Structure formats: structure tokens, C-alpha cells
Amino acid sequence: MSSPAIKVDNIGKSYIISHEGQDRYTALRDVIARKAAGVVKKSKPVLRKEEFWALKDISFDIKQGEAVGIIGRNGAGKSTLLKILSRITEPTRGRIEINGRIASLLEVGTGFHPELTGRENIFLNGAILGMSRAEIKRKFDEIVDFSGVEKFLDTPVKRYSSGMYVRLAFAVAAHLEPEILVVDEVLAVGDAEFQRKCLGKMNDVSQKEGRTVLFVSHQMDAISRLCQKVIVLNGGNIQFNGNSDEAIKIYHNKMENTSALARWDKAGYMPGNELVKLVEVAVVNEQEEIKDILDIRQAIGIRMKYMVLQDDVPFTHGLNLYNAEGVHILSSHDIDTAKNNQSGKKGEYETIAWIPANFLAEGLVSVSVAIMSYDPFLVHFHENDTVSFTVIDSMEGDSARGVYGGPFPGIVRPILKWKNKRSI
């Protein structure tokens, strides 16, 4: 059995933080009294030191060829962990075993010498990775072509824009054949088209070339597309280490306190009244499987299960969708049942509202559900933020995005019918 590419055993990283304070509390009356007596004494600041643990008891293994995401809120310890793995900083305690050459892209400005040209930095980075000059020359044209900075290749990189810098830095890190590639959120500096190229290259590095990729990002769609396994950090600890869909769900639950499934115990509290009670709400894919992550090109179902407690209760269903910023995307009512004044016999029921493919834009969506009667009007329940899900765009060309890889604003993204004709 081959050794893991990375083995982390109980590492921790602490920092000493200094706080400036006074040696004791001084009341206003004390200052006035001292001034009156002519004995004002200037107090000296006292530095109070505090130990802060950015990482605590972190342990995991990463196999060769795995693409692993690292996610968490700001301050969770992601960048600190990558710096330790990249040997930029040492852990306070614990042990790390790395098998293979590692190339890191963590911050704009890391890894290149600002006074050297782009050409010289390519050879410098290759030498640092332990590659011969012949190996670097063999990859040189491919690196330059990928980066798109050919015109500025003999310009010192200190004159590069941040976008140009990242383009060349990523091209070097990905193409000089390290066994392990570590990439932080720095890719956000590049434009959307280049980000797409980078994701494609990292996917090739992992799946086709069998090398290991560690990727930190706040873009859950990118994490979902690239990574089979994800580590969720929270407060310097590992909250979860496993399947990417489950990890993203935990991350969103931490951020939004909802998930793709909400279920109520029939023996306890259930939203509703003496006529109708809510049992379950779920987000499902086209196969009616419960999913948190859904492809923009597929229909999305919002499934509601409920109990009708009396015969001949007329009712209809409703839902509301909101994006991550709280913008109301849409409201929808089941107009067929309302129009037909549908009445149900006592029992358990299920309904699914289908959102068409290529309708919602990428991002997090939360769902509110309701059941009401119209004659007379009565809301049996209206539950806010019951479930949530994330829409991702695979950028494979058959969504509303097409082949365009740049920013695509808006809260919906339908494929519209365009009629074109020559006017002259």
C-alpha cells in the first residue's frame, strides 16, 4: 500500500498576541486630584500577552491523486494550515509527513523574486522544485501559453498587475509537475475566464495525471466541481472530513442554519393547525433524490409532505425562494388546486413543485413553504427558511452561460428564445 501524499498528525499552531492596556483603572476624580496637587504621573502602557491557537489538534491523511477542498469561515484556520503544509511556517506542535514535491500558490507576491523577469522566475521556481533546466525548458512554452503574459515575459514581475502575476504564478505551479499542488483563494484575483481555465487544469492534474491537489475557496460551486473530499474547518478545529456534498451542506448549515431536508416529529411539535400540519420539506433532483448541490441544467424539486386532519378541507400550496443576500427571487402558488377548490380526505399527502432547468442563477437559495385555504382565506402554516440548496454551473457550454466564462449577474438565468434576421 502506497504512503499518503500528506499525513498530518495532531498539529497545532499558536500565536502570542499583545494587548496594550493600563496598569490599573484610573478614575476621572483621581486625575483631577493629581493635577490639583501638581503630581500628575504619566501612566505607562502595559502589554498584556495572550496565547491564540489558530489551529488545534488537526489530523488527517490525503491520498496520492486526491483533490481535497478546505473550506470554512474567515478565521477558521484555512490559510494557516496551508502555510504549514507549504513549509512557510512551522507548527507549534504535531508532525507532518509530505511525500513528493509541493508547489504552492497562496498569496500574490509569494514565490517570485520581484526584480527578476517572468522568464527568469519560471526557471527559478523550477529549480526550487528540484527540476533540471532541461525539464523546465520542456514545459516552458506550455507555461507561457497558459499564462497569456508572453508580451511581458522579459519584464520584471514587480511591474505586473496582480492579475498577470497570478496568471504566471499559477501556470508555473501547475505545469512544473509537482506531486502536490496547493492553491488558496488567490485565484479570485484573476478574471472569471482564467479561473475556469485554472479549475480545468487542477482537474487534469488530479484525475488525469494522478497528482494531489489542495484547494481553498469560498466558491462552493468550484469546490463541488473539483474536489471529491472536503475538510471543513471551524475555529481552528476539523468539523468534518469526507464527501464534498456533505461537507458543503455542513458549511451552509453553519452559515445559514438550514439544509436540504427538514422533518418534524409527529409525536412532537409540527407546524400547522387543527386542519393541516407539515411533516417534511426536501429539495430533490430529477430522480427525486434529496440533494443540497444541484446542477443549473437540471430541474429542481421542492417536495412537501403534510397531514390533512379533517375531511373536505380545501387547500392550496405555496413557496417562496430567496438568495443568499435575502433578495426575494420568486413566489409561486399551486393555482390548479386553488382554481379547482381541491378538497382532500383525511390522510397524508405529498406535493412537488418543479423549478425548470436553466432558471435559477448560481448560488445559495433558501425556501419558505405554506399551505392555505382561499374560501375563506386561511393560512394553515407558513414556514420560513425551511430548507436551502446551492445551484452550480458546470460551465460545460450547454447552460444559459454558454461558452462565456466571465461574471454573470442576476438572480435568474433562463435560456431565452432569440429571433435573429438580417435587416438589410
Side-chain angles (χ1 to χ4, degrees), residues 187-188 190-204 217-227 244-245 248-249 252 256 258 260 281-304 317-337 339 351-369 386-424:
L187 286 184
D191 57 63
E193 183 180 355
F194 186 68
Q195 290 179 38
R196 179 180 171 183
K197 283 179 64 177
C198 292
L199 287 173
K201 181 60 181 176
M202 286 190 285
N203 191 61
D204 289 346
S217 179
H218 288 288
Q219 300 178 28
M220 294 302 108
D221 55 335
I223 290 285
S224 178
R225 287 199 298 270
L226 177 67
C227 305
S244 60
D245 284 354
I248 293 171
K249 180 174 75 172
H252 280 150
E256 300 292 328
T258 57
V281 182
V283 184
V284 298
N285 62 10
E286 291 180 335
Q287 291 73 44
E288 297 194 21
E289 301 166 326
I290 297 173
K291 293 290 182 180
D292 291 84
I293 313 297
L294 295 126
D295 193 299
I296 198 171
R297 301 167 299 170
Q298 303 294 318
I300 299 168
I302 308 300
R303 187 177 70 199
M304 216 190 309
H317 319 90
L319 63 83
N320 295 280
L321 303 183
Y322 302 85
N323 68 8
E325 287 73 43
V327 176
H328 196 163
I329 299 172
L330 63 82
S331 293
S332 179
H333 288 176
D334 181 6
I335 60 173
D336 284 338
T337 53
K339 181 172 61 180
T351 186
I352 301 181
W354 286 104
I355 302 163
N358 283 303
F359 180 77
L360 296 175
E362 295 168 272
L364 182 71
V365 178
S366 64
V367 182
S368 299
V369 296
T386 54
V387 290
S388 67
F389 59 95
T390 299
V391 179
I392 63 170
D393 190 336
S394 62
M395 298 187 182
E396 292 181 4
D398 53 347
S399 73
R401 176 186 286 276
V403 297
Y404 174 64
F408 214 122
I411 58 175
V412 293
R413 191 182 298 172
I415 294 180
L416 303 179
K417 289 186 177 179
W418 292 73
K419 185 175 181 180
N420 305 305
K421 64 180 180 179
R422 186 172 180 176
S423 59
I424 299 176

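Everything numeric here is computed off the predicted structure, so don't read it as measured data.
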Rounded to the nearest 0.5 Å, what separates atom [atom1] in [X] from atom [atom2] in [Y]?
X	Y	atom1	atom2	result
Leu294	Thr390	CG	OG1	8.5 Å
Ile293	Ser244	CD1	OG	8.0 Å
Leu319	Met304	CG	CE	6.5 Å
Met202	Arg225	CE	CZ	10.0 Å
Ile415	Asn358	CD1	CG	3.5 Å
His333	His317	NE2	NE2	11.5 Å

Can Asp393 and Arg413 be counted as an ion pair, charged N to O under 4.0 angstrom?
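A salt bridge is present here (some side-chain N lies under 4.0 Å from a carboxylate O).
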
Open item on the list: Quick one, Ile329 and Val365 - any side-chain contact, counting heavy atoms below 4.5 Å?
Closed with: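 Of all side-chain heavy-atom pairs linking Val365 with Ile329, at least one is under 4.5 Å.
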
Indicate yes or no: at least one non-hydrogen side-chain atom of Asp292 is less than 4.5 angstrom from one of Asp245.
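When only atoms from C-beta onward are counted, Asp245 and Asp292 do not touch, as no gap falls below 4.5 Å.
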
TODO: Step by step, work out the side chain to side chain contact (heavy atoms under 4.5 Å, CB included) result for Ile300 and Trp354.
DONE: CA-CA 6 Å; Ile300 299 168; Trp354 286 104; 5.8 Å; no

Test side chain to side chain contact (heavy atoms under 4.5 Å, CB included) on Ile248 and Ser224; report intermediate values, then the result. CA-CA 8 Å; Ile248 293 171; Ser224 178; 3.8 Å; yes

- Task: Determine, step by step, whether Ile355 and Leu360 satisfy the side chain to side chain contact (heavy atoms under 4.5 Å, CB included) criterion, reporting the C-alpha distance in whole Å, the side-chain angles of both residues, the deciding distance to 0.1 Å, and the verdict.
- Result: CA-CA 8 Å; Ile355 302 163; Leu360 296 175; 4.0 Å; yes

Which heavy-atom pair separates [X] from [Y] by the least distance, and what is that distance?
X	Y	answer
Pro414	Ala400	O-CB, 3.9 Å
Val367	Leu321	CG2-CD2, 3.6 Å
Arg303	Ile290	NH2-CD1, 3.8 Å

Worksheet entry | Leu330, Ile296, Val391 screened by side-chain contact (heavy atoms from CB on, under 4.5 Å) with Phe359, the one that passes |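 The residue from Leu330, Ile296, Val391 that satisfies side-chain contact (heavy atoms from CB on, under 4.5 Å) with Phe359 turns out to be Leu330.
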
Main-chain N/O of Ala299 paired to Glu286 side chain as donor or acceptor, under 3.5 Å =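 A pair under 3.5 Å: yes.
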
Note to self: With side chain to side chain contact (heavy atoms under 4.5 Å, CB included) as the criterion, how do Asn323 and Leu364 come out once you've worked through the C-alpha distance, each side chain's angles and the decisive distance to 0.1 Å?
What the structure shows: CA-CA 6 Å; Asn323 68 8; Leu364 182 71; over 6 Å; no

Checklist entry - Strictly by modelled atom types, are Asn320 and Ser331 linked by a side-chain donor-acceptor pair under 3.5 Å? => result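 On atom types as modelled, these side chains qualify, holding a pair under 3.5 Å.
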
